[in-house]
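One structure below.
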Amino acid sequence: MRTATATGLCLVLMLPCTAAAADAQFQRQQGEALYAEHCASCHHLNLRGTAHGAALAGESFLSAWGSRSTAELFSYNRSNMPPGRADALDDPGHLAVVAYLMAANGHAELPVLKSDQPLLIGSAQAAAEAFDSWSEAGSIDAIARSRGGFENAVVESFKPVTQAMLNKPPPADWLSWRRTLDGQGYSPLRQINRDNVGQLKLAWVLTMQEGSNQVTPLVHNGVMYLTHPGHVVQAVDAATGDVIWEYKYDFPAAAMTLGGPVRNIAIYGDKLYLSTYDAALVAIDARTGQQQWRTVKADYRQGYTHTSGPIVGDGVVLSGINGCERYKEGGCFVTGHDARSGAELWRTSTIALSGDAGDTWGGLAPSLRAGGDTWIAGSFDPQNNLFYIGTSQAKPWVAASRGMQVEDAALYTNSTLALRPKTGEIAWYYQHIPGETIDMEVGLERVLVDVNGQQLLFTVGKDGILWKLDRTNGKFLGHAETLPQNIFSSIDAGTGQVTYRQDIRDAELGDTISACPGIYGGHNWQAMSYHPSPPSLVIPLHLLCADMVGRPVSTALGEGGYGGESRSYEMPGSNGMLGRLVAFDPVSLRERWRYDQRAMFMTGALTTGGGLLFIGDLDRRIKAFDTRNGQLLWQTRLGAPAHGYPITYAVAGKQYLAVPTGMGVFRAMTAVISPDIYQPAGGQALYVFELP
């Protein structure tokens, strides 16, 4: 039947095709599966080799085996592989693995391999171009997709990135998550300005991998380092869009969470640093795209993962971790790693252990203290040599679900932590919402600003409250409610102490709690930006509310979770306008201006020396506003909702604007709340704009 099907398809398409070609393809596919099962643990899934097994693809493999035959490789593997378990594969299985290795080394069109019909592994005969053959329509697509002839090149004239450059980046570069380590999301470039922004046109566009595309590209010396969902990293000519090299990190499928957002990577020296889904930290050569080292921070099988990446402060690679909603030994933490070797230098728990600052966890054992994730990269202050990072709420979400009261503070959740980068010592902390009980985390961006001689730190939580702290000591200096909220009956103007509504304080399991804003914010991962003149913090907000119900949770290791169910809806009085931009004066904490629209803003904010604020929304638009008054100056429509973090940079004196697109887990909410706005399922890409 297979022969008839294959031949019939070939006649219809007028293509050369044989049943033998289909059998050869099946042999290679079988070999790939057997290799993954029996060989990849030593030789790596991508055949690049490890410390426990040689590379089986590429130049080093061909230099050793190119002059030998497939029969010799079959015989060697049958006698020796897998080590200590040579009988794990029968002869057809070993032949299939050899066929897969031949395909991986450029010989994908060979006939079915047989032990008594050897081919030279590196011969011109074996490598000769063959006719394409198809056994079914699906294989046409498979062969077409395998036809990529791209080969990695090297970034020429690479200049190592120093800590001094990270502390004060060249104006043309974007070297950290928010360009500068202070988290401001501001670029001094002014070639694109209020007068000419309307002339922006597309310079180039690059399709990206599927997944939650919350990326921040980095740009250094004319080269963009672009991180895709699925842990693909590319070096790209930032002026033309030409790809220079591509790196792919192999990870267990079970390690990915929330569609795989990878909000940022870091660059330092000659390396890029990637925090992985499977709770590891990886260094990549910025010149070649080759992996330099890999350090495992935790066991992903216990739920540990990353959604944001590291930054580098005082020469140390600094990062938090996610996946702490389940009960386990160890809990959540922040680490510092040696930039050269990847060695872990220190580990600081974001959960107060027994004896830390008294018992703030209602008597719960340390293994039952969950939460304290770090969803967003931190900020670094070289002046005070402090690393600031925000922690999320205690979990399960509702206090009653975790066997606690709102009076139990649950340190160090929902806090700003100021850590010393060399040691991980907590220099100070400020807990914004003790005993949080309705998913109103304050684990988002930390923006460092110097105004009128004061060294300030600002952050906004899901509740929309803007917090102002002295970043030298953590002292509370003030707050502002950036949008209507009904969660707290009062916030002490002198201390910042919050008091929940009485019904929230009294809520038991099964009780419905209504809150404005809701669990999506308010504010969320879409970071605010600072503009120095006039001094303004520009904050994207969602006008949403939610009902939440706490559920019982098993208190056994491996159990836990979020323990809540919720329903989101429009904020009363919003009149269907769900997206809001507000600008606040950092000194007076008074609102300068606001802009409301139907479509929610789905990117971080970007401000520039040209007096512009760039931001993208759910309705597939990227927009430019005047930072002085919030006037809309320019907009254009893209192929998918703008997402992630727009950046601006310059190459050879020319300024560019880069905007990622594509959706993530917010679609579960936006498709229900905004069904009138078309939201394509795909469209992950990077759009880059320039002036004529």
Side-chain angles (χ1 to χ4, degrees), residues 36 40-53 177 209 211-212 214-216 218 225 227-234 246-286 289-312 316-326 328-350 372-378 389 424:
S41 59
C42 290
H43 298 278
H44 208 288
L45 200 60
N46 58 21
L47 293 88
R48 292 176 182 168
T50 72
H52 305 285
W177 172 54
Q209 300 288 318
S212 185
Q214 297 178 20
V215 63
T216 309
L218 300 184
Y225 296 99
T227 310
H228 298 236
H231 286 341
V232 171
V233 181
Q234 294 174 329
E246 181 175 280
Y247 163 85
K248 176 69 167 67
Y249 178 79
D250 291 316
F251 59 90
M256 181 186 285
T257 184
L258 299 176
V262 184
R263 297 187 173 110
N264 69 290
I265 56 175
I267 186 170
Y268 178 62
D270 60 356
K271 296 179 181 65
L272 304 170
Y273 300 93
L274 170 71
S275 296
T276 69
Y277 302 139
D278 57 346
L281 188 65
V282 170
I284 307 162
D285 190 317
Q290 295 295 311
Q291 184 172 304
Q292 299 298 294
W293 51 253
R294 175 178 180 267
T295 297
V296 176
K297 294 170 60 175
D299 187 347
Y300 79 90
R301 291 170 297 183
Q302 294 184 338
Y304 286 112
T305 188
H306 291 107
T307 61
S308 63
I311 67 168
V312 177
V316 178
V317 183
L318 306 164
S319 62
I321 204 161
N322 297 101
C324 302
E325 63 274 9
R326 299 276 173 187
K328 48 182 170 270
E329 304 288 351
C332 255
F333 52 85
V334 181
T335 58
H337 289 259
D338 181 86
R340 290 184 178 274
S341 67
E344 185 175 309
L345 303 176
W346 51 263
R347 176 174 297 213
T348 299
S349 175
T350 59
D373 310 60
T374 51
W375 293 95
I376 297 293
I389 194 164

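Computed from a predicted structure; not experimentally measured. The figures here come from the full heavy-atom set of this structure, side chains too, leaving out hydrogens, waters and symmetry mates.
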State, yes or no, whether a side-chain contact exists between P310 and S275 at a heavy-atom distance under 4.5 Å.
-> yes

Any idea how F251 and Y277 line up, ring-wise: parallel (<30°), tilted (30 to 60°), or perpendicular (>60°)?
-> perpendicular

Exercise: identify the closest heavy-atom pair between L281 and W293 = O-CZ3, 3.5 Å

Residues C332 and I321: closest non-hydrogen pair is SG-O, 3.7 Å

K297 side-chain N/O to G320 backbone N/O, donor-acceptor pair under 3.5 Å | yes

Kindly say whether W177 contributes a backbone atom to a donor-acceptor pair with the side chain of R263 at under 3.5 angstrom?
-> no

Nearest 0.5 Å, what's the CZ-OG1 distance between F333 and T374?
-> 9.0 Å

Just by modelled atom types, is the G323 backbone N or O under 3.5 Å from a matching donor or acceptor in the D373 side chain?
-> yes

Let me know which of K271, E344, H337, R340 forms a side-chain contact (heavy atoms from CB on, under 4.5 Å) with V317.
-> H337

Distance in Å, I389 CD1 paired with T350 OG1, rounded so as to fall on 0.5 Å steps | 9.0 Å

Can you measure from CG (D285) to CD (Q290) and round to the nearest 0.5 angstrom?
-> 7.5 Å

Do Y268 and V316 have side chains that get closer than 4.5 Å, going by heavy atoms?
-> no

Where do A255 and Y300 come nearest, in terms of heavy atoms and distance?
-> CB-CD1, 3.8 Å

Quick one: pull up CG in L274 and CD1 in I284 and give me the separation to the nearest 0.5 Å.
-> 5.0 Å

Taking all heavy atoms of Q302 and all of K328, pick out the closest pair and write down the distance.
-> O-NZ, 3.1 Å

Member of V232, V262, N264 meeting the side-chain contact (heavy atoms from CB on, under 4.5 Å) criterion with T227 = V262

Check the pair V334, W346 against side chain to side chain contact (heavy atoms under 4.5 Å, CB included), reporting the backbone distance first and the verdict last.
-> CA-CA 8 Å; V334 181; W346 51 263; 4.0 Å; yes

Output, in order, the C-alpha distance, side-chain angles, deciding distance and verdict of side-chain hydrogen bond (donor to acceptor under 3.5 Å, both in side chains) for D278 and Y249.
-> CA-CA 10 Å; D278 57 346; Y249 178 79; 2.9 Å; yes

Under 3.5 Å: donor-acceptor pair, side chain of T348, backbone of G424 | yes

If every non-hydrogen atom of Q234 is compared with every non-hydrogen atom of H228, which pair is closest and at what distance?
-> OE1-NE2, 2.9 Å

Going from CD1 on I265 to OG1 on T216, what distance comes out if it is rounded to the nearest 0.5 angstrom?
-> 9.5 Å

Specify the closest pair of heavy atoms between A343 and T295, including all atoms of both residues, with the distance to one decimal.
-> N-OG1, 4.4 Å

Donor-acceptor contact present, side-chain T305 to main-chain N322, <3.5 Å | no

